Amino acid sequence: MSRFGKPDRTGRSSGEFTSRDTKLYGPPKGEPWTWQTLELMCSPAWRAMSVNTRRLVDFLQVEHRQHAARENGNLKATYDGLVAHGLTRSKIRPATEEAEFLGLIRFERGGRWAGTNQPSRFRLTFYADKDRNPPTNEWKAKTQEVIDEWMSDRERCRRARRRSHEKQIPSTTSRTTVVPLRELRNRSDGKRR
């Protein structure tokens, strides 16, 4: 029978790691790491994430780790970087909107101003930010009912947008007339002086 942690007076696990346990179960030395609480990972917001939203959050966590967990709120994600991480360009904006609705991120939209290209800046709400403010954990406020209602509204809007795009597709019959080249030459010869 294996034991986890130092035994307390009753012989049960105290939950405290011995030095050997720390080496086995602790983070690897020399590797950047961050934690995620069980409450976060079991929350409706975390479980409701789509694949693209998960890729976005994973990308932001990698950025967070690469900056020694000191730049949350100033994490940059360019479209090219997100595409390299596995997102499709057309899915980046919906993934960002979904992650913000679920309360997992907050962001300032970037853009092009005065000949410069500014990337969007992100903050993961389940980590402290760069100004040493505690995590806001906005994902805790999202219940399964609220998430389901938002998802159905979004799907309804998506269907309406598709229907409007279908109406805009031109018919298969072309309005252009194909004229053989020799007829064009004959017409132009007749008009020349």
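Note that this is a predicted model, so its numbers are computed, not measured. If you read the sequence from its start, that first residue is 1, and numbering goes on from there.
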Would you call Arg106 and Glu100 a side-chain contact if the rule is heavy atoms closer than 4.5 Å? yes
Taking the side chain as C-beta and beyond, is there a heavy-atom pair between Leu60 and Asn72 under 4.5 Å? no
With rounding to the nearest 0.5 Å, note down the distance linking CG in Asp148 to CG in Asp153. 11.0 Å
Indicate yes or no: does Arg154 engage Glu98 in a salt bridge with an N to O separation below 4.0 Å. yes
Reported CZ-to-CD distance for the pair Phe122 and Glu108, which is rounded to 0.5 angstrom: 10.5 Å
Path from Val62 to Val83 over hydrophobic side-chain contacts below 4.5 Å: no
Between Trp139 and Asn137, does any side-chain donor sit less than 3.5 Å from a side-chain acceptor? yes
Are Asn52 and Arg55 close enough that some pair of their side-chain heavy atoms sits under 4.5 Å apart? yes
Do Leu40 and Val57 belong to the same hydrophobic cluster, where Ile, Leu, Val, Met, Phe, Trp and Tyr are linked whenever their side-chain heavy atoms lie under 4.5 Å apart, directly or via other members? yes
Look at the side-chain heavy atoms of Ile, Leu, Val, Met, Phe, Trp and Tyr, link any pair under 4.5 Å apart, and say whether Val51 and Leu102 land in one connected group. no
State the CD-CZ distance between Gln144 and Arg47, to the nearest 0.5 angstrom. 6.0 Å
Would you call the rings of Phe126 and Trp46 parallel, tilted or perpendicular, where under 30° means parallel and over 60° means perpendicular? perpendicular
Before giving the answer on side chain to side chain contact (heavy atoms under 4.5 Å, CB included), spell out for Asp80 and Arg89 the whole-Å C-alpha distance, their side-chain angles and the decisive distance to 0.1 Å. CA-CA 8 Å; Asp80 291 338; Arg89 280 190 181 273; 2.2 Å; yes
Atom CZ of Arg132 and atom CZ of Arg70: how far apart are they, to the nearest 0.5 Å? 7.0 Å
Between the side chain of Lys142 and the main-chain N/O of Pro44, is any donor-acceptor distance below 3.5 Å? no
Residues Ala128 and Pro135: closest non-hydrogen pair is N-CG, 3.8 Å
Check whether Glu138 reaches the backbone of Thr125 with its side chain - one donor and one acceptor, N or O, closer than 3.5 Å. no
So Phe59 and His85, would you call those rings parallel, tilted or perpendicular, with 30° and 60° as cut-offs? perpendicular
Any non-hydrogen side-chain atom of Phe107 less than 4.5 Å from a side-chain atom of Leu75? no
Rounding to 0.5 Å, atoms CD (Glu155) and CZ (Arg159) come to a distance of 4.5 Å
When you compare the side chain of Glu71 with that of Glu63, does any pair of heavy atoms fall below 4.5 Å? no
Look at the side chain of Tyr127 and the backbone N and O of Trp35, then say whether any donor-acceptor pair between them is shorter than 3.5 Å. yes
d(Tyr79 OH, Leu87 CG) to nearest 0.5 Å is 10.0 Å
With His67 via ring-ring contact (aromatic ring centres under 6.0 Å, His included) - residues at least two apart: none
Identify the heavy atoms of Ser120 and Gly110 that sit nearest to each other, and give their distance. OG-N, 3.0 Å
Show, in sequence, the C-alpha distance, side-chain angles and deciding distance for Leu82 and Leu56, and conclude whether the side chain to side chain contact (heavy atoms under 4.5 Å, CB included) test is met. CA-CA 7 Å; Leu82 292 169; Leu56 171 70; 3.8 Å; yes
Is the side chain of Asp131 donor-acceptor paired with the backbone N or O of Asn133 at a distance under 3.5 Å, no angle test? no
Below 4.5 Å, heavy atoms only, C-beta onward: do Arg109 and Arg93 meet side chain to side chain? yes
Give a yes or no on whether Arg112 atom CZ has more than 12 heavy-atom contacts from other residues, nucleotides or ligands under 6.0 Å away. no
Looking only at heavy atoms, which two atoms of Leu104 and Ala45 are closest? And how far apart? CD1-O, 4.3 Å
Side-chain (Arg123) to main-chain (Ile105) donor-acceptor, under 3.5 angstrom: no
